[in-house]
Structures are given as structure tokens and as C-alpha cells.
There are 2 protein chains.
Amino acid sequence: MKAATSQNAVAGQSLADRLYETLRAEIVEGRIAAGSKISEPELARRFEASRGSLREALMRLEALGLLERRVNVGARVVDLSERGLLELYDVREALEGMACRLAATQRTDADLAELRRMLEHHEQQEELRAGTAYFQPEGDFDFHFRIVQASGNDLLIDTLCNRLYYRVRMYRYQLGMASPRAQRAFREHSHIIEAIEAGDGDLAELLMRRHIRASRQNIENKLR
Amino acid sequence: MKAATSQNAVAGQSLADRLYETLRAEIVEGRIAAGSKISEPELARRFEASRGSLREALMRLEALGLLERRVNVGARVVDLSERGLLELYDVREALEGMACRLAATQRTDADLAELRRMLEHHEQQEELRAGTAYFQPEGDFDFHFRIVQASGNDLLIDTLCNRLYYRVRMYRYQLGMASPRAQRAFREHSHIIEAIEAGDGDLAELLMRRHIRASRQNIENKLR
DNA sequence: TGGCGCAAGATTGTCGACAATCTGGATGTG
DNA sequence: CACATCCAGATTGTCGACAATCTTGCGCCA
């Protein structure tokens, strides 16, 4: 093993990789404001990297849909909008519905056991927090995340977990969309697992789509 | 207006943009073989560009899902597989189904007129080619393409028309999946348009999903 | 003879500099 | 006073070179 040449070197990761991950987190969490302009020289100085490596990171962020770049003008962080959030829900409804359908027939026993374990964990947390509790967003999302991975469709997994995932988190962080539908969401998750366990793809898809549509409706009501 | 500095300069396009588009076409059409390794120095010499600009094009191709890159190893064109093709159909079924549902309520009159025009055009072509005809792939895809754009959901449009589009075309070119379901596909398209015109989102989605699933089934039968 | 280690060549990652282009403010004119 | 023009500064796009890493083929040893 060689010693790391830079301070934060990780095996199998390039400098551009680390810049990409760091910037991604800063954009998702709003430390770099939505809609703000990105200055390549400024960021390069801040991270003590060359503009080339930084540009590689920026291009990956553009591919993720977190940045928009225009030739000879530069990059801007995407704007968050009510419309964009609702669009995200429609795409999730379609893709996670399909993921759920596939998971009903493609899941392994390990997938199912893991889903049950997560559900139990959520139930305990809910009991602790009693009535004031809201479904912690990360836990909810992990649940969805896990179902997608049980679908066995690599393209679907990549699209949801690598492409849309960070956009969802960005909206949650910055528009604070923690859905306060604790018991209801818990029951819906529970029914979805049952359908998956029964191998009923039609029902599993239907339930997941309803679940996501209910979230969307909940947001829509809040917004007006 | 300034004179172009390079031979093929286009306004509002960078060199990396052009390399990206050229390479994308070569990969989609199989001129650069699926699964083959990409040599940065070789391609840079071939296009008389620097490695930097070429690398930018390669990174965009990676974001498109046409290349896979590993750190310190290089880039390879993705492999085409039966499994990958079927995965693509499942994702399309979910997304185009949703696009169809949205188009039923979001379409403009211009969208509808354009869809009808395309359908008529297809009908004429089919009459000309009589029985031996097969539904020309590009025409079929343009139809799907147009419906997606009528959905009004920018995220959905981008995902299907910028991300998955080229992967679909790559499979069509290289595995030659021209579906020989001419009359049937034509009738299905016709019914889809009617559902969209009637504003019946449920039906429009159902019909589109059946349509795509039938294509998938057709491919699946052929493969065994 | 088969397998391991090592060195040479080639490839990828990173960097700093130069050229082309855009942005914003000052200036002049109707 | 409004508007078009132009210039200066800054930013982005492109390039060639150097350093780090991987691959390949050879030699050596059990």
C-alpha cells in the first residue's frame, strides 16, 4: 500500500470523485444555495484543486440534474419549485410502482427479511415518539430505497437510486417536506410488504402508487 | 459573426459537444462495438482534439449509460444483453404509461393534431408496403417520443428522451428489433390517441402499458 | 513446468497556461 | 433622458505536459 498523496485520498477514488461527492452533499443540503451561480475558479481555490478536476465534478453534477450548464456562461444550481417537486412525485409513482411489482416476483428471502426488519424498527420509533411523532424522512426513504433494490432491475435501480435519489433529498432538506402521516404511512408500508410477500405484483404496484400519490396529495394541500 | 476557428464549428456548441454527439452516434449504430475498450489517446488523435475535450465527451456518454468507466482503468462501451433489453422495456412501460396518463389531461390541441398527423402518415406507409410491411422502427419511436413530450412533465421528458432514448436506439440498431406487428401496433396507437383525446388518463395509461408489454412479449418469444 | 515477482511500456489522472467568449459599466449620440 | 456601442475585466473552453497507476511480458525460482 502506498501512502496517500493528498490528505483525504481514498483507495479507488479519484480527486474528482471526492469533489463530486462533497459538492453533491453541499447542494443537496443547501449549503450551496439553489439557483446560485457556480464559479469554477473560486471553488477550485477553496478545495485546492485544479479547475480540470473541478470541472469533471461539475459535469457529473449536471448529469445528476443538480446543475445546469450553458456553454461559455457557466453552471448554476437548479431551482427548486413546486412544479418540480410535483413532477418528481409523478415519476416516482411510475417507477416505484413498477419496482414494487417486480419486487413481488423477483425478491429474495433476504430482501423480504430486511423489509420486515425495517418496518419493525419504524414501529418501535413511532411508539416511542407517541402522537407528536412524524415519520422520519430518512427512514421512510430507506424503505422505498430497499424495495427498489429488491426489484432486480438494474436500470430501474440506477435511475431511482442514483439519478432521482439526490433530487428527492434536495427537496426534503430545503423545502422541509417531512410528511406528518406517521400511522397511515406505516400501515401502507405494512400492506405493501404483505403484497410483496404474497407475490401479488398487481396489488403491490397498486398500493405503492396509492402510497406515493397520497404523499403527493398531502404536499399539494399544504402548498395552497 | 466571426469565422469558425475549427472546420465544423457550430454556434453555441463546444468542441466537446460535437465529440459527444459524434461518439454517441457511433456507439448507438455499433461503429464502435458494444463491450469494446475506449482508448483516449487513440480517439483524441482520430478527432484531432486534446484528451481533455475528449474526456469531457466520454464523461457525458458515461452519464448517458452508454459507457462504463473505472478509475485508473478506462472506459468500455456497455454490453448489450437480453436481460438489459427486457429491463429497458419494464422501465419504458412504467414511464411511458405515466406519460400517456399525463398527456390525456395536459396535452395541447397542437399535440393532439400532431399525433393524428403521424398516425395518418403511418397508415399511408403501411398501405403502400402491403402485407410484407413492418412498422418502421423510427416512425414507431417518434410516436412514443411525441406522446412523452405531450405529458408536460419536464423530468419525465428528460428521463425518457435524453436518457433512455439512445439506449433504446442502440438495441434497435444492433439487435435489430424491428417489431413486425404492423397492423396491430397501428390499431393500438390509434386507440391510445382516442383515449388521450377523450381525456381518459386511466385508459390511456392502460393501453400504452399493454402496447409496450406486447412488444416486450414479442421480443421475448423471438429470443427463445 | 508452473507460478510468482519485477520492470518496461502504455494509459489514466491532474495540473497550469493560453485563447475565445461573455458580462457589466462607461461613453457618446439622438 | 433613453439607447446603442465599445472597452476592460473576468470566466469558460482548450491544450500540452507531468505524475501516478495499471497492464503486459520477461525472467527467476521452487
Side-chain angles (χ1 to χ4, degrees), chain A residues 1-24 27 32-33 35-64 66-78, chain B residues 1-24 27 32-33 35-64 66-78:
Chain A
M1 286 295 169
K2 313 293 194 316
T5 55
S6 182
Q7 43 181 4
N8 288 24
V10 176
Q13 249 195 342
S14 69
L15 171 59
D17 285 330
R18 275 169 286 151
L19 291 174
Y20 163 69
E21 291 176 5
T22 302
L23 286 171
R24 190 183 61 193
I27 291 174
I32 298 180
S36 63
K37 187 169 186 325
I38 296 287
S39 166
E40 289 183 7
E42 179 191 330
L43 280 184
R45 280 193 302 272
R46 183 176 147 204
F47 291 111
E48 296 176 0
S50 75
R51 261 185 61 226
S53 297
L54 182 80
R55 276 169 67 86
E56 177 168 341
L58 293 183
M59 285 191 299
R60 290 199 216 168
L61 291 170
E62 180 189 20
L64 246 200
L66 262 42
L67 289 185
E68 290 171 349
R69 287 182 46 186
R70 286 193 313 176
V71 181
N72 283 322
V73 172
R76 304 191 80 86
V77 182
V78 294
Chain B
M1 286 295 168
K2 313 292 194 318
T5 55
S6 180
Q7 42 182 2
N8 289 24
V10 177
Q13 250 195 341
S14 69
L15 170 59
D17 284 330
R18 274 169 287 150
L19 290 174
Y20 163 68
E21 291 177 4
T22 302
L23 286 171
R24 190 182 62 193
I27 290 174
I32 298 180
S36 62
K37 187 170 187 322
I38 296 287
S39 167
E40 289 183 6
E42 179 191 330
L43 280 184
R45 279 194 303 273
R46 182 176 147 204
F47 291 110
E48 297 177 359
S50 75
R51 261 185 62 224
S53 298
L54 182 80
R55 276 169 68 86
E56 177 168 340
L58 292 184
M59 287 191 299
R60 289 199 217 168
L61 290 170
E62 180 188 20
L64 246 200
L66 262 42
L67 289 185
E68 289 171 350
R69 287 182 43 184
R70 286 194 312 176
V71 180
N72 283 323
V73 172
R76 304 190 79 86
V77 181
V78 294

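In what follows, chains carry the letters A, B, and so on, assigned in the order in which the sequence lines appear, proteins first and then strands, with residues in each chain numbered from 1.
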Query raised in the report: Rounded to the nearest 0.5 Å, what separation is found between the CG atom of B/Leu23 and the CG atom of B/Leu19?
Result: 6.5 Å
Report task. Please determine if a side-chain N or O atom of A/Arg70 lies less than 4.0 Å away from the OP1 or OP2 oxygen of C/dT21. Result -> no
Query raised in the report: If we only count heavy atoms from C-beta on, is the A/Arg55 to A/Arg69 side-chain gap below 4.5 Å?
Result: yes
Report task. Using atom CG of B/Leu54 as one end and atom C1' of C/dT11 as the other, report the distance to the nearest whole Å. Result -> 13 Å
Query raised in the report: Under 4.0 Å between a side-chain N/O of A/Lys37 and OP1 or OP2 of D/dA10, yes or no?
Result: no
Query raised in the report: Atom CG of A/Asn72 to atom P of C/dT21: distance rounded to whole Å?
Result: 7 Å
Query - The single option from A/Ile27, A/Ile38, A/Val78 passing side-chain contact (heavy atoms from CB on, under 4.5 Å) against A/Leu61 - result: A/Ile27
Query raised in the report: Rounded to the Å, how far apart are A/Glu62 CD and D/dT12 P?
Result: 13 Å
Query raised in the report: Base, sugar-phosphate, or nothing for B/Ile38, non-hydrogen atoms under 4.0 angstrom?
Result: sugar-phosphate
Report summary line: Scanning both residues in full, the closest heavy-atom pair of A/Ser53 with A/Ala16 reads O-CB, 3.8 Å
Query raised in the report: Rounded to whole angstroms, how far apart are CG on A/Asp17 and P on C/dT14?
Result: 8 Å
Query - Closest listed nucleotide, where the reference is the side chain of B/Val73 and the choices are D/dC15, C/dC22, D/dC22 - result: D/dC22
Requested in this report: Using whole Å, report how far CD of A/Glu42 lies from C1' of D/dT11.
Outcome: 12 Å
**Report entry** Verdict with supporting geometry, A/Glu56 and A/Arg60, salt bridge (charged side-chain N to carboxylate O under 4.0 Å, His left out)
**Finding:** CA-CA 6 Å; A/Glu56 177 168 341; A/Arg60 290 199 216 168; 2.7 Å; yes
Query raised in the report: Among D/dC22, C/dG13, D/dC15, which is the nearest nucleotide to the side chain of B/Ser53?
Result: D/dC15
Report task. Choose from C/dT14, C/dC15, D/dT14 the nucleotide whose nearest atom is closest to any side-chain atom of A/Ala16. Result -> C/dT14
Query raised in the report: Once you round to the nearest 0.5 Å, how far does OG of B/Ser50 lie from CD of B/Glu40?
Result: 10.5 Å
Report task. Nearest whole angstrom, please: distance from the P of C/dG16 to the CD of A/Glu48. Result -> 11 Å
Report task. Can you tell me the distance, in whole Å, between the CG atom of A/Leu15 and the C1' atom of C/dT12? Result -> 14 Å
Report task. Estimate the overall bend of the helix from C/dT1-D/dA30 to C/dG30-D/dC1 from the end axes over five pairs each, rounded to 10 degrees. Result -> 20°
Query - Side-chain N,O (A/Arg55) to OP1/OP2 (D/dG13) below 4.0 Å - result: yes
**Report entry** Atom pair CG/CG of A/Leu15 and A/Leu54 - distance to nearest 0.5 Å
**Finding:** 9.0 Å
Report task. Mind calculating the distance between CD (B/Gln13) and C1' (D/dT14) to the nearest angstrom? Result -> 16 Å
Query raised in the report: So, does the side chain of B/Arg51 form a donor-acceptor pair with the base of C/dG13 at under 3.5 Å?
Result: yes
